[in-house]
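Sequence lines set the chain letters: A, B, ... in the order given, protein chains first and strands last, and positions in each chain run from 1.
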Amino acid sequence: MPRQRRKGSDGERGREGRRVGRRERHARLLHQRHLHQRRRAVRAVQGGGGPRAQGQGLRCSCMRMSKSFVPTLKENPADATVASHQLLVRAGFMRQLAAGIYSILPLGQRAIHEITRVVREEMDGIGGQEFYLPALNPREVWEESGRWTVMGENMFRFKDRKGADMCLAMTHEEIFTVLARAEVRSYRQLPQTWYQIQTKFRDEPRPKSGLLRVRQFTMKDSYSFDVDKGGLDKSFEAHRLAYARIFQRCGLATVQVEAHSGAMGGSGSIEFMVMTDAGEDLIASCKNCGYAANTEKAESKVETPNRFAPPGASPDPEEFATPGVVTIEALAQKPYGVPAEQQLKTLVYVGDDKPLVAIVRGDDQLNEAKLQTASGASILRPAHPEEIQKWMGAKPGSLGGLGVKTARVFLDNRLAGLSGLVTGANKDGFHLRNVSVPRDLAHATPADLRTAAAGEGCPRCGSPLEVGKALEVGHIFKLGTRYSESMGARILDESGKEVPIVMGSYGIGIERILAGAVELHHDGDGIQWPMSIAPLHLALLPLQIQDAPVRETAERLYQQMREEGIEALLDDRDERAGVKFKDADLIGLPLRVAIGKKGLAEGKVEWKPRESKEVELVPIGEVVEKARQAVLSGGGRLWR
RNA sequence: CGGGGCGUAGCGCAGCCUGGUAGCGCGCCUGCCUUGGGCGCAGGAGGUCGGAGGUUCGAAUCCUCUCGCCCCGACCA
């Protein structure tokens with residue numbers, strides 16, 4: 001088929017020199033192509049129209065099962081425990097290479113393309129400009145921000161042949177800041193929003209759950225650069241709204257929660273969470289007022305009556321022997337009978353190489369993220385037993401905060417004002433009773449240290465909080481001047497004063513969207529892709545491939561769909577109907593059209609959306625249009 | 001990093017305790033048959049038993065070391 005140039009129309013005019021905007025030109029091109037393909041479609045229907053070489057000038061890409069690499073499995077892979085991992089492997093979307101490292105197969109890659117398309121559209125929509133930065137970084141930049149140390153073991157590091165320290169980037173604050181400081185001089189050049197979609201490397205101590213926690217993954221990361229805090233607030237809000245649209249368009253219901261900022265630093269952050277048991281985070285939320293926070297940060301209202309306080313003045317602390325008792329539980333038992341809520345739990349940590357003591361009520365859980373926030377430490381870890389012995393003079397199990405001078409002591413807020421409590425004596429085998437917080441622990445810094453639990457009061461409205469498991473798919477941070485100060489990215493403001501650029505950083509885990517969508521959308525038979533991110537729109541199943549009318553009808557529909565921009569997966573394998581149905585359900589394309597002898601006798605084919613139970617008989621001549629409508633109304637896109 | 005489990009054919013597993021011929025199901029190849037929800041029959045190919053060392057006449061099996069993977073606890077898109 002000869003490809004004709006259309007003369008004298010749009011293309012020519014562009015050459016005449018009239019400035020045509022890129023966008024406009026692109027739209028025109030699409031229109032031209034559309035007309036062209038329409039004509040072909042008409043010809044195809046009118047006759048001839050047999051199978052054609054794939055891709056001839058068409059941008060819509062379809063697939064023939066017989067020629068595609070889609071290795072489906074009947075049985076679940078042994079190591080997969082969560083649905084998304086099992087199904088993505090079984091349906092032929094990915095294979096594991098090593099712990100937390102996956103090869104993405106053609107179907108998986110197509111779905112990822114759809115996701116990144118949505119992400120790009122929304123990022124461009126808020127004025128983001130796409131970059132592509134190096135994943136391979138020299139030590140020096142990370143040294144400048146201080147994160148060469150902070151990132152610790154989580155960063156992949158090695159030496160190049162000259163012996164220089166290198167690393168694989170976990171995120172790109174540093175590199176973008178280097179660009180900004182080198183080129184951005186004036187407030188007039190701001191605000192800027194820069195982003196990329198790029199591979200990130202993190203040497204996770206424990207990769208797990210398929211794509212949910214891996215060591216190499218794709219992240220959309222963006223960075224905003226503003227003159228002041230007000231500008232940052234605007235950039236942050238723009239991202240927040242864009243993220244909400246991205247996840248919604250990808251078929252993910254998300255909740256936005258207040259979050260701990262961790263190694264990123266900064267003043268505030270919001271996480272976007274998909275509620276699923278496959279997730280690893282715990283979030284507390286209030287149905288009544290909408291409060292939602294990661295339990296790393298969530299607060300709660302709890303009643304803490306001073307019920308162990310002795311009448312009158314509190315007697316002095318008194319040592320008593322507790323041989324072999326090293327747990328809260330044991331001290332609550334028989335001979336002692338000290339309820340856990342009367343005890344103080346004393347834990348020793350090391351924050352930036354200095355000892356820290358944290359005290360919470362015996363039945364509460366210390367929240368390390370909160371201790372990190374309270375202490376301002378950038379690296380926090382539990383102390384080793386030898387360190388504890390050295391600083392406290394006793395082993396874990398007999399520790400207490402009284403008289404501690406070797407370490408900063410932090411005390412959970414709920415303990416304020418209580419007395420008549422029991423704690424370790426910092427002497428193995430002994431505890432202290434009659435401990436009064438105001439008198440004996442006055443040297444401790446009060447802080448919110450305990451982990452909020454389900455049923456406790458919402459910090460805003462007091463209604464009972466719910467706690468559920470969630471998967472983090474996005475995280476937005478107000479970095480402020482954390483990086484611009486340490487790395488010297490300064491500009492002149494309106495008054496001619498040199499000020500650090502105010503930054504924000506915003507991340508989305510691309511594969512987590514993929515896996516999260518599967519967690520949310522599947523059934524016992526397989527995946528149920530949302531139209532917007534489905535690898536293809538429709539499965540076309542000729543049920544008896546040896547039957548010429550069946551085969552030819554399928555081929556014709558395949559061709560027509562392709563020309564209409566509907567992405568079809570034609571299962572042209574010589575397999576039994578059952579095999580095709582099973583694979584189609586497993587792969588989970590949103591639409592299915594089955595062509596069988598029976599229906600064909602009446603001039604009909606079978607229509608079935610993946611999530612529907614019923615099959616609908618549709619006249620052959622109507623099915624392409626029906627599919628077109630379904631793709632569009634489902635949030636999909638024709639013509640790529 | 002602490003605790004637990006598992007490495008045997010492409011995939012899922014048995015065999016190991018009590019040392020002596022490496023097996024089953026699925027998948028794959030050939031033929032016949034069947035043809036609307038992972039058909040049936042017959043034949044066939046395919047394995048350094050994760051690796052190294054040791055004990056033994058003999059090791060998938062017992063011992064030591066090591067590597068890898070999964071799960072549970074401490075870290076993050």
Enquirer: Is there a donor-acceptor contact under 3.5 Å linking the side chains of A/His522 and A/Glu519?
Expert: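 Their side chains do not contain a donor-acceptor pair, so the 3.5 Å distance test is not met.
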Enquirer: Are A/His85 and A/Phe93 close enough that their ring centers fall under 6.0 Å?
Expert: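 Ring centroids of A/His85 and A/Phe93 are no less than 6.0 Å from each other.
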Enquirer: Give me the distance, rounded to whole Å, that separates B/G47 from B/G7 when you measure between the C1' atoms they each carry.
Expert: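 Taking atom C1' in both B/G47 and B/G7, they lie 14 Å apart.
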Enquirer: For a quick check under 3.5 Å, do A/Lys200 and A/His172 share a side-chain donor-acceptor pair by atom type?
Expert: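 Per modelled atom types, A/Lys200 and A/His172 side chains form a pair under 3.5 Å.
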Enquirer: If we take the P atom in both B/C39 and B/U61, what is their distance in whole Å?
Expert: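 These two P atoms come out 38 Å apart once rounded.
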Enquirer: For the pair made of CZ in A/Arg95 and P in B/G10, what is the distance, rounded to whole Å?
Expert: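 Going from A/Arg95 (CZ) to B/G10 (P), I get 14 Å.
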Enquirer: Scan every strand shown for a Watson-Crick or G-U wobble partner of B/C28, both distances under 3.5 Å, and answer none if you come up empty.
Expert: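 Pair assignment: B/C28 / B/G44.
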Enquirer: What does B/C6 pair with, Watson-Crick or G-U, if both distances are under 3.5 Å?
Expert: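 For B/C6, the partner nucleotide comes out as B/G68, under the 3.5 Å rule.
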Enquirer: Among B/G12, B/G38, B/U35, which nucleotide has an atom closest to any side-chain atom of A/Ala78?
Expert: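 Closest nucleotide among those given: B/G12.
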Enquirer: May I ask you to verify whether the side chain of A/Arg90 and the base of B/C11 hold a donor-acceptor pair under 3.5 Å?
Expert: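 No, the side chain and the base share no sub-3.5 Å donor-acceptor pair.
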Enquirer: Both A/Leu73 and A/Thr81 contact RNA chain B. Taking the nearest nucleotide for each, which residue is further toward the 5' end?
Expert: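 The answer here is A/Leu73.
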Enquirer: If we count only N and O atoms by modelled type, under 3.5 Å, do the side chains of A/Tyr483 and A/Arg147 hold a donor and an acceptor together?
Expert: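 Yes, A/Arg147 and A/Tyr483 have a side-chain donor paired with an acceptor closer than 3.5 Å.
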